[in-house]
Amino acid sequence: MNTSRRNFLQLVGLGVPVSVALAACGGEPSQTGAGGGSGGGKGVASYWTLSGKPQEDIRKDTIARFNKANPKSKIDITLFANDAYKQKVKTAIGAGKAPTMIWGWGGGGLKSYVDADQVVDLTSWFDENPDLKEKRFPSTLGAATVDGKLYAVPIETVTPIVLYWNKKIFDQVGAEPPQSWGDIMDLVPKFNAKGIAPFSLAGQSLWTNMMWLEFLFDRIGGPDVFQAVFDGEKNAWSNPAALKALGEVQKLVKANGFQKGFQSTVADQNADQALLFTGKAAMMLHGAWTYGSMKADGGDFVTGGNLGYMNFPSVDGGKGDPSDTVGNPGQYVSISSKASKEAQDAAKKLLTTTMLDDTEVQKWIDNGNIAVVKSAGDLISGVSDANDKAWLQFVYDTSSKASVFAQSWDQALPPSQATPLLDNIGKLFQMDISPQQFADNMNKTIGT
């Protein structure tokens with residue numbers, strides 16, 4: 001079985017073997033309580049979420065602790081493998097039988113629920129419970145917001161996209177980590193001259209290519225460039241900053257910025273990570289989840305202090321804030337508008353009292369993840385491994401200090417736009433279409 005960001009966004013924590021994380025991608029639904037439709041089972045409310053170790057243990061523990069403290073407002077939890085969950089929840093919502101609490105990724109999926117009037121507008125409830133906002137990273141609220149209103153609560157953990165580099169290779173070449181896009185382009189010929197790929201890229205997977213565009217759009221034009229796409233503005237993909245970003249990534253391809261045959265490399269096999277930790281590539285742009293798998297599979301690459309990492313640098317003359325990031329700003333829970341008041345009240349009580357309390361946040365830290373709350377930063381000092389501690393501090397700082405934590409495009413957009421997006425990204429990196437052709441193709445999907 002193969003792992004994939006597309007199949008399961010929270011793969012591995014610090015040193016958790018990939019074999020353990022793989023359990024998240026398969027298996028039958030497991031259940032605590034009777035679960036099912038809103039208010040079904042023995043509890044007054046229901047919660048559907050994902051299975052897979054170690055995440056499911058944390059989820060189940062939170063519900064068990066809440067139920068013990070609230071015997072008259074119990075919540076039934078039902079866990080599904082990722083793909084099974086997506087189909088099950090879609091069918092249930094369409095039939096008006098959604099669980100009280102709907103776990104998701106926010107963005108485009110949440111917007112579809114809002115458009116169908118299936119989830120509760122939580123804006124006034126957030127106002128009545130200001131601590132809900134205050135305790136969370138401000139940047140996590142973007143993917144919970146539709147048309148200026150909040151329809152979901154950020155939960156669980158953050159996973160930014162990170163620029164990694166191999167310190168040994170940089171030392172061999174006598175290079176310094178890039179501080180700007182210009183530095184990146186200057187480094188490309190230096191590594192190529194030594195027979196080292198400047199960047200590893202699993203180009204066949206397409207969503208890995210997308211990360212480059214997500215950052216370049218932001219660093220060149222700021223967050224408003226993609227926001228216009230998300231908002232459905234006509235010809236939003238033709239923004240001059242967008243066209244420049246599309247052109248810059250093609251310059252990188254033309255300069256042999258990636259390993260030979262990158263279009264045939266698949267992320268699910270972790271071959272792109274192997275190129276980095278074996279010294280065949282100098283750098284890699286990838287998700288924070290790869291830290292754990294590189295630690296598990298890369299020998300002494302991580303434990304020996306050979307892994308460098310940073311947020312994506314600025315672009316000279318760009319409007320974007322280099323402290324902003326992209327990736328997965330959290331997971332999200334919405335409340336079904338079809339649930340009874342009693343069930344909705346139980347869900348809200350869980351969200352304000354037990355979910356992401358100190359106990360849960362500590363469990364996420366123990367499993368190598370940063371929860372979406374500011375209090376996570378206070379617990380990093382208790383991590384014994386020096387490399388892990390430094391890594392968690394980096395993830396915390398990147399996520400908590402970003403004024404914008406943009407959601408991965410293929411999660412932010414509905415499938416009608418996400419599918420052609422990935423197809424056109426593939427063509428762009430293969431040099432089969434120009435930036436203008438990319439923009440023209442994608443402009444046709446806006447509003448679909």
Side-chain angles (χ1 to χ4, degrees), residues 10 38 44-49 55 58-59 61-63 65-67 69-70 73-75 77 98-107 109-111 113-114 118-160 328-337 339-365 369-379 395-396 399-407:
Q10 293 299 116
S38 299
V44 302
S46 54
Y47 178 32
W48 290 4
T49 183
Q55 293 82 4
I58 299 174
R59 293 164 181 151
D61 177 74
T62 294
I63 299 302
R65 289 187 296 105
F66 175 82
N67 287 343
N70 300 275
S73 301
K74 287 187 175 181
I75 295 175
I77 181 172
T100 308
M101 300 175 65
I102 305 169
W103 187 99
W105 294 273
L110 176 62
K111 188 175 187 301
Y113 299 158
V114 173
Q118 293 293 323
V119 292
V120 176
D121 180 352
L122 300 174
T123 308
S124 60
W125 180 64
F126 266 93
D127 291 339
E128 294 164 4
N129 296 274
D131 188 54
L132 281 170
K133 282 186 180 180
E134 178 58 30
K135 70 185 295 185
R136 288 167 167 79
F137 302 152
S139 57
T140 65
L141 295 170
T145 304
V146 178
D147 296 330
K149 297 181 179 180
L150 286 161
Y151 289 91
V153 180
I155 61 169
E156 301 190 358
T157 60
V158 292
T159 2
N328 306 314
Q331 295 74 51
Y332 296 85
V333 163
S334 297
I335 298 177
S336 171
S337 60
S340 67
K341 183 180 185 302
E342 183 183 20
Q344 291 185 21
D345 288 345
K348 290 177 178 177
K349 189 172 185 178
L350 169 71
L351 290 164
T352 54
T353 62
T354 315
M355 193 165 279
L356 286 181
D357 62 4
D358 291 344
T359 299
E360 183 181 323
V361 174
Q362 182 65 63
K363 287 180 178 292
W364 287 119
I365 289 285
N369 294 280
I370 292 295
V372 300
V373 290
K374 299 170 185 175
S375 61
D378 299 330
L379 304 177
V395 173
Y396 179 85
S399 303
S400 63
K401 294 178 181 179
S403 57
V404 175
F405 194 144
Q407 190 180 31

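- Considering only heavy atoms from C-beta on, Ile155 stays 4.5 Å or farther from Tyr332 through its side chain.
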Determine whether Trp364 and Leu379 satisfy the following criterion, side-chain contact (heavy atoms from CB on, under 4.5 Å), listing intermediate values before the conclusion. CA-CA 10 Å; Trp364 287 119; Leu379 304 177; over 6 Å; no
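- What you find for Val44 and Ala346 is that their closest heavy atoms are CG2-CB, 3.6 Å.
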Derivation of the side-chain contact (heavy atoms from CB on, under 4.5 Å) call for Ile370 and Thr157: CA-CA 5 Å; Ile370 292 295; Thr157 60; 6.0 Å; no
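- Annotation: side chain of Val372 is not in contact with side chain of Pro329 (no heavy-atom distance under 4.5 Å).
- Of the possible donor and acceptor atoms, none in the side chain of Gln118 sits under 3.5 Å from a partner among the backbone N and O of Tyr113.
- Judged by distance alone, the side chain of Ser336 and the main-chain N or O of Thr100 form no donor-acceptor pair under 3.5 Å.
- Within the model, atoms OG of Ser139 and NZ of Lys401 stand 13.0 Å from one another, a figure rounded to the nearest 0.5 Å.
- Phe137 is linked by a ring pair (Phe, Tyr, Trp, His ring centres under 6.0 Å) to Tyr396, counting only residues two or more places apart in sequence or in another chain.
- Of the candidates Val333, Val373, Leu141, Pro154 forms a side chain to side chain contact (heavy atoms under 4.5 Å, CB included) with just one, namely Leu141.
- Side-chain atoms of Glu156 never come within 3.5 Å of backbone atoms of Arg59 as a donor-acceptor pair (strictly under, hydrogens ignored).
- Atom NZ of Lys348 sits in a crowded spot, with more than 12 heavy atoms from other residues, nucleotides or ligands closer than 6.0 Å.
- A distance-only check finds no donor-acceptor pair linking the side chain of Tyr47 to the backbone of Trp103 [under 3.5 Å].
- Ala144 and Leu110 make their closest contact through O-CD2, 3.6 Å (heavy atoms, listed as atom of the first residue, atom of the second, distance).
- Residues passing the side chain to side chain contact (heavy atoms under 4.5 Å, CB included) test with Thr354 are Thr62, Arg65, Phe66, Leu350, Asp357, sequence neighbours excluded.
- The local environment of CG in Asp61 is crowded, with over 12 non-hydrogen atoms from other residues, nucleotides or ligands closer than 6.0 Å.
- Heavy atoms of other residues, nucleotides or ligands lying less than 6.0 angstrom from CG of Asp131 number more than 12.
- Note that the CD atom of Glu128 and the CG atom of Leu122 stand 10.5 Å from one another [nearest 0.5 Å].
- Inter-residue side-chain proximity for Leu132 and Trp125 is flagged as met; some heavy-atom pair is nearer than 4.5 Å.
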Could you walk me through whether Val119 and Ser337 satisfy the side-chain contact (heavy atoms from CB on, under 4.5 Å) test, starting with their C-alpha distance in whole Å, then the side-chain angles of each, then the deciding distance to 0.1 Å, before giving a yes or no? CA-CA 5 Å; Val119 292; Ser337 60; 5.7 Å; no
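- Rounded to the nearest 0.5 angstrom, Gln362 CD and Ile58 CD1 are separated by 10.5 Å.
- Ser399 and Phe405 make their closest contact through OG-CE1, 3.6 Å (heavy atoms, listed as atom of the first residue, atom of the second, distance).
- Using a distance-only test at 3.5 Å, with no hydrogens or angles considered, a donor-acceptor pair links the side chain of Ser334 to the main chain of Tyr151.
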Could you go through Trp105 and Asn328, starting from their C-alpha distance and side-chain angles, then the distance that decides it, and tell me whether this counts as side-chain contact (heavy atoms from CB on, under 4.5 Å)? CA-CA 8 Å; Trp105 294 273; Asn328 306 314; 6.0 Å; no
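- The existence of a salt bridge linking Lys341 and Asp345 is confirmed by a sub-4.0 Å separation between a basic side-chain nitrogen and an acidic carboxylate oxygen.
- For the atom pair Met101 CE and Ile75 CD1, the distance stands at 5.5 Å (nearest 0.5 Å).
- Applying the salt bridge (Lys or Arg N to Asp or Glu O under 4.0 Å) test to residues at least two apart or on different chains, the pairs with a partner in residues 133-142 are Glu134-Lys374.
- Of all heavy-atom pairs spanning Leu356 and Ala371, the tightest one is CD2-CB, 3.9 Å.
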